Amino acid sequence: MNNSLLKQIPNFAVKSLYYEVAISPKPGLVDRFDNGAHSDMDFFTFIDSIESLAPYFYDYYQLGFEHTADLTALFEKLRQLGVEAESAMLHATNQVNTHKGANFSFAVLLGTTGFYMQNHSLPFSSQDTAAILNLAAQMTQHLIQHDFSQIEQKDYLSHGEKLYVKTGSLGVRGEAVKGYPALSNILLPFFRQYSGYEDTETLLLRGLVLLVSQIEDSNLLHRGGINGWQQVKQKGTTIHQACLNEVNFKQALTMFNQELIKKNLSPGGAADLLSLGIYFSFLEELI
Ligand SMILES: CC(C)(COP(=O)(O)OP(=O)(O)OC[C@H]1O[C@@H](n2cnc3c(N)ncnc32)[C@H](O[C@H]2O[C@H](COP(=O)(O)OP(=O)(O)OP(=O)(O)O)[C@@H](O)[C@H]2O)[C@@H]1O)[C@@H](O)C(=O)NCCC(=O)NCCS
Ligand SMILES: Nc1ncnc2[nH]cnc12
């Protein structure tokens, strides 16, 4: 095992979660300035959450790096560890869901990155990223059938499971199964095109707004229904398409945040996807 990469790659994932929570101002989300539309978490809850997940991130990567059998067997190992990590996170945050989606996705993506790194090296090109996302899709192809086929028999349903029953929305599982199209088709092409033009914080905030304008965020659907989600998506589109300069862009985000606080809406799914995009941006040396 290459010891420096064993630390460096999972560390990029940890750092990406710090970057995501730190960039400000964000609409409806927790950031350095306020708690957005969240009454049960703040900036420090996120620090506690990240610290609780970090040791698992190294293990996800190592599991993938040492795995020699088929990808379904790797997913089983990652998920077992992922359940443990999720409960460590909930313990650290007093049962608040800060990074449930991010923990799931980083288990998938660090595991597949480790597997891929058995025969590759850094830095990544866009083809390396595409190969990892393809491995993630292959590894999770059975997930929808596995998680949702016997859903009627379950006593307790998560927000994501309830939404699936009600609307058919696949949430974070849908992203994984399709190889994270929100990253490959939306966020990463944007970062590749615009990195270097502005400071990192502004670039990442613009990437967040782009995601909000396009993805099906199960967190917005669960809190605001189809209408709430569509309104937020529309507002994201308006801000994205206005191509505002940095000062006006941040002012628009501050107003967007006030609006989402009033409506109790938060694009938590977009925030999680942003942190995954930041991770690949570190691997590709875009930021
Ligand atoms: C597979 C799991 C992720 C199961 O999770 P769940 O069934 O809940 O599925 P989803 O809702 O689809 O996803 C979970 C989180 O993923 C984020 N997310 C949402 N949409 C997307 C998207 N399109 N792409 C990527 N990621 C997405 C989102 O996380 C953010 O929202 C958090 C807050 O969420 P929530 O608690 O719902 O909202 P609140 O409004 O705060 O709740 P209330 O206060 O109202 O109650 C925010 O912090 C972000 O992180 C979704 O929440 C996975 O958990 C898993 O496999 N776990 C292992 C468990 C298991 O398999 N057990 C097996 C034995 S039964
Ligand atoms: N910054 C943030 N605020 C609220 N929910 C989130 N989920 C992931 N990141 C988040």
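Remember, predicted model here, so these are calculated numbers, not experimental data. Order of appearance sets the numbers: ligands from 1, and atoms from 1 within every ligand.
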For Glu175, the ligand 1 atoms whose distance to one of its heavy atoms is below 4.0 Å: 24 (N)
If you round to the nearest 0.5 Å, how far is NZ of Lys235 from CG of Leu265? 12.5 Å
Can you tell me which portion of Glu216 lies within the under-4.0 Å heavy-atom range of ligand 1? Options are side chain, backbone, both, or neither. backbone
Who's closest to atom 34 (O) of ligand 1 heavy-atom-wise, of Leu273, Asn219, Val30? Asn219
Does an N or O from Val172, backbone or side chain, lie closer than 3.5 Å to an N or O of ligand 1? yes
Here the atoms of ligand 1 under 4.0 Å from any heavy atom belonging to Gly171 are 12 (O)
Compare Asn97, Asp40, Leu274 and give the one whose heavy atom is closest to atom 52 (O) of ligand 1. Asn97
Among Phe282, Phe124, Tyr18, Tyr58, which one satisfies ring pair (Phe, Tyr, Trp, His ring centres under 6.0 Å) with Phe12? Phe282
the protein heavy atom lying closest to atom 65 (S) of ligand 1 turns out to be Lys154 NZ, 4.2 Å
Polar-atom distance check: Asp272 versus ligand 1, any N or O pair below 3.5 Å? yes
With a sphere of 6.0 Å drawn around CD of Glu76, does it hold more than 12 non-hydrogen atoms of other residues, nucleotides or ligands? yes
Centroid separation under 6.0 Å, is that true for the rings of Tyr194 and Phe190? yes
Subset of ligand 2 atoms that lie under 4.0 Å from at least one heavy atom of Ala271: 8 (C), 9 (N), 10 (C)
At a 4.0 Å threshold, what atoms of ligand 1 neighbour a non-hydrogen atom of Arg223? 39 (P), 40 (O), 41 (O)
How far is atom 4 (C) of ligand 1 from the closest protein heavy atom, and which atom is that? Arg173 NH2, 3.6 Å
Answer yes or no: is there a donor N or O on one side and an acceptor on the other, between the side chain of Glu216 and the main chain of Gly171, under 3.5 Å? no
Taking the side chain as C-beta and beyond, is there a heavy-atom pair between Val232 and Val212 under 4.5 Å? yes
Check whether any side-chain N or O of Ser195 sits under 3.5 Å from a backbone N or O of Arg192 as a donor-acceptor pair, and report yes or no. no
Just by modelled atom types, is the Ser158 backbone N or O under 3.5 Å from a matching donor or acceptor in the Glu161 side chain? yes
Does the protein put a heavy atom under 4.0 Å from atom 63 (C) of ligand 1? no
When the ring planes of Phe65 and Tyr61 are compared, do they come out parallel, tilted or perpendicular, using 30° and 60° as the limits? parallel
Look only at the side chain of Lys26 and the backbone of Val30, and say whether a donor-acceptor pair between them is shorter than 3.5 Å. yes
Here the atoms of ligand 1 under 4.0 Å from any heavy atom belonging to Val83 are 58 (C), 59 (C), 60 (C)
Heavy atoms, side chains only, cut-off 4.5 Å: are Ser266 and Leu260 in contact? no
Taking atom CZ as the centre, does Phe33 end up with more than 12 heavy-atom neighbours from other residues, nucleotides or ligands that are less than 6.0 angstrom away? yes
Mind checking whether Glu20 has an N or O less than 3.5 Å away from an N or O of ligand 2? yes
Among protein heavy atoms, which sits nearest to atom 27 (C) of ligand 1, and what does the distance come to when rounded to 0.1 Å? Gly269 CA, 3.5 Å
For His38, the ligand 2 atoms with a heavy-atom partner under 4.0 Å come out as 4 (C), 5 (N)
Which of the numbered atoms in ligand 1 are under 4.0 angstrom from any heavy atom belonging to Lys100? 4 (C), 5 (O), 6 (P), 8 (O), 50 (O), 54 (O)
Strictly under 6.0 Å, is that where the ring centroids of His99 and Phe46 end up? yes
Can you tell me the protein heavy atom closest to atom 16 (O) of ligand 1 and the distance? Gly101 CA, 3.2 Å
Please answer whether the main-chain N or O of Ala102 pairs with a side-chain N or O of Asp272 as donor and acceptor at a distance below 3.5 Å. yes
Name the closest protein heavy atom to atom 10 (P) of ligand 1, giving the residue it belongs to and the distance to 0.1 Å. Gly160 CA, 3.7 Å
Tell me, which protein residue and heavy-atom name are nearest atom 7 (N) of ligand 2, and how many Å apart are they? Thr98 O, 3.5 Å
With only distance considered, is His159 within less than 3.5 Å of ligand 1 through an N or O on each side? yes
Atoms of ligand 2 less than 4.0 Å from Asp272 heavy atoms? 7 (N), 8 (C)
Backbone, side chain, both or neither: what part of Asp31 comes under 4.0 angstrom of ligand 2, heavy atoms only? neither
What protein heavy atom is closest to atom 7 (O) of ligand 1, reported as residue, atom name and distance in Å? Ser158 OG, 2.5 Å
Atom 54 (O) of ligand 1: closest protein heavy atom, distance to 0.1 Å, is Glu86 OE1, 2.8 Å
Atom 47 (C) of ligand 1: the protein heavy-atom neighbour that sits closest, reported with distance to 0.1 Å: Thr98 O, 3.7 Å
Minimum-distance protein heavy atom relative to atom 6 (C) of ligand 2: Phe46 CZ, 3.5 Å
Among all protein heavy atoms, pick out the one at the shortest distance from atom 3 (N) of ligand 2; state its residue, atom name and that distance to 0.1 Å. Val30 N, 2.9 Å
Looking at His67 and Asp70, would you say the former's side chain and the latter's main chain have a donor-acceptor pair under 3.5 Å? yes
Please examine the side chains of Leu17 and Phe106, heavy atoms only from C-beta on, and report whether any two atoms are closer than 4.5 Å. yes
